[in-house]
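Report on the following structure.
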Amino acid sequence: MNVSLYASVYGSNGKSLVTPSIKVDRAFDSATYQQIFDKGMMVPLDIDVPSGGMELRLAVLDNKTGLIGTVSGPLGQ
């Protein structure tokens, strides 16, 4: 597995306020890989949400294929 994870916090003006990231580059045995495939994998990524942060956008980049997946949603008040 060789992926990069990005978490961007956006303000009400639509500009990115902070974008922490982490890279996971690791080989797993087949049993562990199957478990990740079936149930997912948690990767901690600390984010200090700045004042005015309104939206969180998450992106995962598969560094081998270049494919990207994203999701976004509002931050709680």
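Just so we're clear, the structure is a prediction, and the values are computed from it rather than from any experiment. Residue numbers start at 1 and run along the sequence shown.
- Counting heavy atoms from C-beta outward, Phe28 and Met1 have side chains that approach closer than 4.5 Å.
- Val60 has its side chain out of reach of Asp62: every pair of non-hydrogen atoms, C-beta onward, lies at least 4.5 Å apart.
- In this structure the side chain of Gln35 never reaches within 4.5 angstrom of the side chain of Met41, judged on heavy atoms.
- Put simply, Val49 and Leu17 are part of the same group of oily side chains (I, L, V, M, F, W, Y) that touch within less than 4.5 Å, one to the next.
- Across every non-hydrogen atom of Met54 and Gly11, the tightest pair is CG-C, 4.0 Å.
- Minimum interatomic distance between Ile22 and Pro44 (heavy atoms only, all atoms of both residues): CD1-O, 3.9 Å.
- The distance from the OG1 atom of Thr70 to the CD1 atom of Ile68 is 8.5 Å, given to the nearest 0.5 Å.
- At a threshold of 4.5 Å between non-hydrogen side-chain atoms, the residues Leu58 and Ser72 do not count as touching.
- How far OG of Ser16 is from CD of Glu55: 10.5 Å, rounded to the nearest 0.5 Å.
- Among all heavy-atom pairs drawn from Leu56 and Leu75, the shortest one is CB-CD2, 3.8 Å.
- Closest of all the heavy-atom pairs between Ser4 and Asn63 is OG-ND2, 3.1 Å.
- A 4.5 Å side-chain heavy-atom check between Arg57 and Val9 finds every atom pair outside the cut-off.
- Nearest heavy-atom pair, Pro20 versus Ala7, reported as atom, atom and distance to 0.1 Å: CD-O, 2.9 Å.
- Across Pro50 and Val18, no two heavy atoms sit closer than the pair CD-CG1, 3.8 Å.
- With a 4.5 Å cut-off on side-chain heavy atoms, Leu5 and Val24 count as touching.
- Ile47 and Val3 are members of different hydrophobic clusters when ILVMFWY side chains are connected at heavy-atom separations under 4.5 Å.
- The local environment of CG in Asp46 is sparse, with at most 12 non-hydrogen atoms from other residues, nucleotides or ligands closer than 6.0 Å.
- For Asp48, the CG atom sits in a loose shell: 12 or fewer heavy atoms of surrounding residues, nucleotides or ligands are nearer than 6.0 Å.
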